[in-house]
Visitor: 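Can you read through this structure? Questions will come right after.
Values below: every heavy atom of this structure, side chains too, minus hydrogens, waters and symmetry copies. Just so we're clear, the structure is a prediction, and the values are computed from it rather than from any experiment.
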Amino acid sequence: MHTWDALIVGSGPAGLAAALMLGRARRRVLVVDDDLPRNRFAGHMHAVVGFDGIAPTELAARGRAEAARYGVEFRSARVTSVADTTPARDAGLRVTITGGDTLTARVVIAASGIADELPAIPGLAEHWGTHVLHCPYCHGWEVRDRRLGVLLTSPLGVHQADLVRQWSADLTVFTQGLALDDEARHRLEARGSRIVPSPVTALTSADGALTGATLADGTSVPLDALFVAAIPRPRDAYLDALDLPRDDEAPGRPIATDPMGRTAHPRVWVAGNVVSAFANVPLSLGQGSMAGAGANMTLVEDEIRAALATDAAPPADPAAHWEARYAERPAIWSGRVNAALADVVAALPPGRALDLGCGEGGDAVWLGRAGWQVTGLDISPTAVERARRAADDAGVGERTRFVATDLAEISAFEPADLVLASFLHSTVDLPRTEILRRAAAAVVPGGRLLVIGHAEPPPWARHHGRHAPMSTPSEDRAALALDPTEWSVEIEELRDRAATSPDGETVTLRDGILLLRRR
């Protein structure tokens, strides 16, 4: 099963900010979203520096495109549950989404927002986000100096009414039966606000625009916009199995967090409206960025622990390491030639080839079929025996010779027209540069040294404590320090190729190709 570094629930401002932080940190990130953003009812958003007045959908599209440039992936689905993979809470999380699919992630960031529970007044929900509004800072300027109303749903609504009065002197406060104390009443009336005790029973409209409120006593009040504080319901039920403590003092009883957004679970963060019901877009962006940075630091700490544990282990014997690796499975490699090798060597005239670290013989067999006389060297006797069998089965046994030997112990290699080192990487001790330098000395005049390798770790190795040292072609050339009067560069480039990860996913790998010709 594929394991993501981070899985983010929700692609609103908080989720996208977290995704951008983690993508730029070279993490493998999946964002799962049900495509029902809270602000989908609004045509524009405001008070966002640099983006004031744009549509929420445009900000979301820009954010997705920016995150995707760093490899972040997106999936349309709803997360139904998040659970620990182990009781110790230290090995990642299992995430179930609609359709029954199960994903695993090292950390989860919940940025799924809230649902606004509105008063059950006919006509109110139809105007939500257009003429029925919640935030005067977000919408007040657009309805300034018009006929405004505030519908109280709790004592906090008085604070909302105090704010809305800033944008219009024509303000009606509908108490909906809520008893106001003398101080609150005086605050409102002192600034000219009208207080209406009769409950609103319906909203009226014409041509799609709000026109007024109908009251229980049969009268009506003309209105152009109505502000109401909806009851926030955090969309976090999928985290119930983790039994996370909640903040009983905050609106909506969100999950309790530290300043970075980390919950009581060491691998779960929350950000945006799901934890701060009244957070606007800038605040949600900031919370998402902080959560992304915090989650990345946890991943870094994982990798530090793994690296320290690796360093604490006694150095592995290279011969024993590689023999054990080959012996544990019937085959390690595909048996096919490396595509870059075939592409480069196809244009060369056949001659004598030396394959350093030949493994199970896939490249050597291809060279034999192409007319080369090949010697393959590898430290593992099991690998060498498999290479011999593969060559015999391919009918090129007479063109190939395989020897089990430690490349580090060979002081002088036999002369060759082509010396090949294809993915000569090792997590255990391997003096690669020294081996390549000695092998280059065996290249005859007019012959070539071909070095093909990973220029960077594969995506699935990023969270491991240690991977084999890797280098670019230019770094290899500089390390070899061959005499430029004696050697010329024919190819020095990076190439991307599609590959299949250990989890069965299609990924892109970056390989380096260095082809040097001896004059």
Side-chain angles (χ1 to χ4, degrees), residues 310-311 313-335 337-338 341 352-368 372-392 397 399-444 447-454 457 461 466-471 475-477 479-482 512 514 516 518:
T310 300
D311 283 347
D317 174 67
H321 169 84
W322 284 105
E323 179 60 15
R325 183 174 180 190
Y326 279 104
E328 69 184 0
R329 287 164 54 186
I332 297 296
W333 313 117
S334 68
V337 66
N338 173 264
L341 182 151
R352 296 164 296 173
L354 183 62
D355 187 358
L356 307 178
C358 65
E360 292 161 327
D363 291 343
V365 169
W366 182 88
L367 287 166
W372 291 80
Q373 197 71 34
V374 188
T375 297
L377 307 176
D378 200 278
I379 198 170
S380 165
T382 294
V384 164
E385 181 55 35
R386 289 175 186 171
R388 288 194 187 107
R389 290 201 302 268
D392 289 341
R399 290 188 170 276
T400 56
R401 179 171 66 96
F402 297 97
V403 180
T405 184
D406 186 344
L407 297 176
E409 296 180 356
I410 299 177
S411 58
F413 292 89
E414 62 186 46
D417 301 288
L418 173 67
V419 171
L420 164 68
S422 182
F423 299 101
L424 188 64
H425 304 295
S426 177
T427 55
V428 296
D429 185 44
L430 177 70
R432 181 172 178 268
T433 300
E434 289 77 2
I435 291 171
L436 292 176
R437 192 177 288 121
R438 289 197 298 269
V443 176
V444 301
R448 291 167 175 86
L449 171 67
L450 175 59
V451 181
I452 301 173
H454 295 300
R466 172 174 290 180
H467 54 72
M470 297 177 185
S471 53
E475 290 170 338
D476 281 338
R477 178 171 53 81
L480 287 172
L482 299 177
L514 177 65
L516 303 175
R518 191 168 195 174

Visitor: If you look at every heavy atom in A404 and P381, which pair is closest and at what distance?
Guide: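 Heavy-atom minimum between the residues: CB-CA, 4.0 Å.
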Visitor: State whether the side chain of R388 and the backbone N or O of F402 hold a donor-acceptor pair below 3.5 Å, judged by distance alone.
Guide: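 Side chain of R388 to backbone of F402, a donor-acceptor pair under 3.5 Å: yes, one is there.
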Visitor: What heavy-atom pair brings A421 and L436 nearest, and what distance separates the two atoms?
Guide: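 Reported closest heavy-atom pair: CB-CD2, 3.5 Å.
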Visitor: Drop me the distance from L516's CG to D476's CG, to the nearest 0.5 angstrom.
Guide: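 Separation between the atoms: 9.5 Å.
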Visitor: When rounded to the nearest 0.5 angstrom, what distance separates OH in Y326 from CD1 in I379?
Guide: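 Result: 10.5 Å between the selected atoms.
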Visitor: Could I get the full list of side-chain contact (heavy atoms from CB on, under 4.5 Å) partners for D317, not counting sequence neighbours?
Guide: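 In terms of side-chain contact (heavy atoms from CB on, under 4.5 Å), with neighbours along the sequence ignored, D317 is linked to A319, A320.
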Visitor: Do the side chain of D378 and the main chain of G359 share a donor and acceptor less than 3.5 angstrom apart?
Guide: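 Looks like yes, one N/O pair under 3.5 Å.
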Visitor: For residues L356 and V419, determine if any side-chain heavy atom of one lies less than 4.5 Å from a side-chain heavy atom of the other.
Guide: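 L356 reaches V419 side chain to side chain.
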Visitor: Which distance, rounded to the nearest 0.5 Å, do you find between the CG of L430 and the CG of L407?
Guide: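 Output value for this atom pair is 7.5 Å.
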Visitor: Not counting sequence neighbours, which residues clear side-chain hydrogen bond (donor to acceptor under 3.5 Å, both in side chains) with S380? List them please.
Guide: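 Scan of S380 (side-chain hydrogen bond (donor to acceptor under 3.5 Å, both in side chains), adjacent residues dropped) gives E323.
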Visitor: Under the 3.5 angstrom rule, does the side chain of E360 hit a backbone N or O of R386 as a donor-acceptor pair?
Guide: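 Absent.
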Visitor: Sorted by first residue and then second, give each salt bridge (charged side-chain N to carboxylate O under 4.0 Å, His left out) pair with at least one member in residues 405-428; sequence neighbours left out.
Guide: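 For residues 405-428: R352-D417, R401-E414.
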Visitor: Among all residues two or more places apart in sequence or in another chain, which pass the ring-ring contact (aromatic ring centres under 6.0 Å, His included) test with F423?
Guide: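 So F423 forms a ring-ring contact (aromatic ring centres under 6.0 Å, His included) with H454.
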Visitor: Determine, stepwise, if the pair V443 / F413 fulfils side chain to side chain contact (heavy atoms under 4.5 Å, CB included).
Guide: CA-CA 9 Å; V443 176; F413 292 89; over 6 Å; no
Visitor: Does any pair with a residue in residues 433-444 pass side-chain hydrogen bond (donor to acceptor under 3.5 Å, both in side chains), and if so which ones, sequence neighbours excluded?
Guide: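 Pairs touching residues 433-444 that pass the test: none.
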Visitor: Please give me the minimum heavy-atom distance between V444 and P415, naming the atom from each residue.
Guide: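 For V444 versus P415, the nearest heavy atoms are CG1-CB, 3.9 Å.
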Visitor: Determine whether the side chains of S422 and D363 contain a donor N or O and an acceptor N or O closer than 3.5 Å.
Guide: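 There is such a pair (donor and acceptor under 3.5 Å, judged by atom type) between the side chains of S422 and D363.
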Visitor: Apply side chain to side chain contact (heavy atoms under 4.5 Å, CB included) to the pair L377 and L354, showing each step before the final yes or no.
Guide: CA-CA 8 Å; L377 307 176; L354 183 62; 3.9 Å; yes
Visitor: Using the ring-ring contact (aromatic ring centres under 6.0 Å, His included) criterion, which residues pair with H321? Sequence neighbours excluded.
Guide: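 Scan of H321 (ring-ring contact (aromatic ring centres under 6.0 Å, His included), adjacent residues dropped) gives none.
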Visitor: Under the side chain to side chain contact (heavy atoms under 4.5 Å, CB included) rule, what do L420 and V374 come out as? Steps first, then yes or no, please.
Guide: CA-CA 10 Å; L420 164 68; V374 188; over 6 Å; no
Visitor: Could you tell me the separation between the OG1 atom of T400 and the CG atom of L367, rounded to the nearest 0.5 Å?
Guide: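 Rounded to the nearest 0.5 Å, the OG1-CG separation comes to 10.5 Å.
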Visitor: If you look at every heavy atom in N338 and L341, which pair is closest and at what distance?
Guide: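 Distance-wise, the nearest heavy atoms are OD1-N, 2.9 Å.
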Visitor: Quick one, V451 and R432 - any side-chain contact, counting heavy atoms below 4.5 Å?
Guide: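 In short, these two side chains touch, coming nearer than 4.5 Å.
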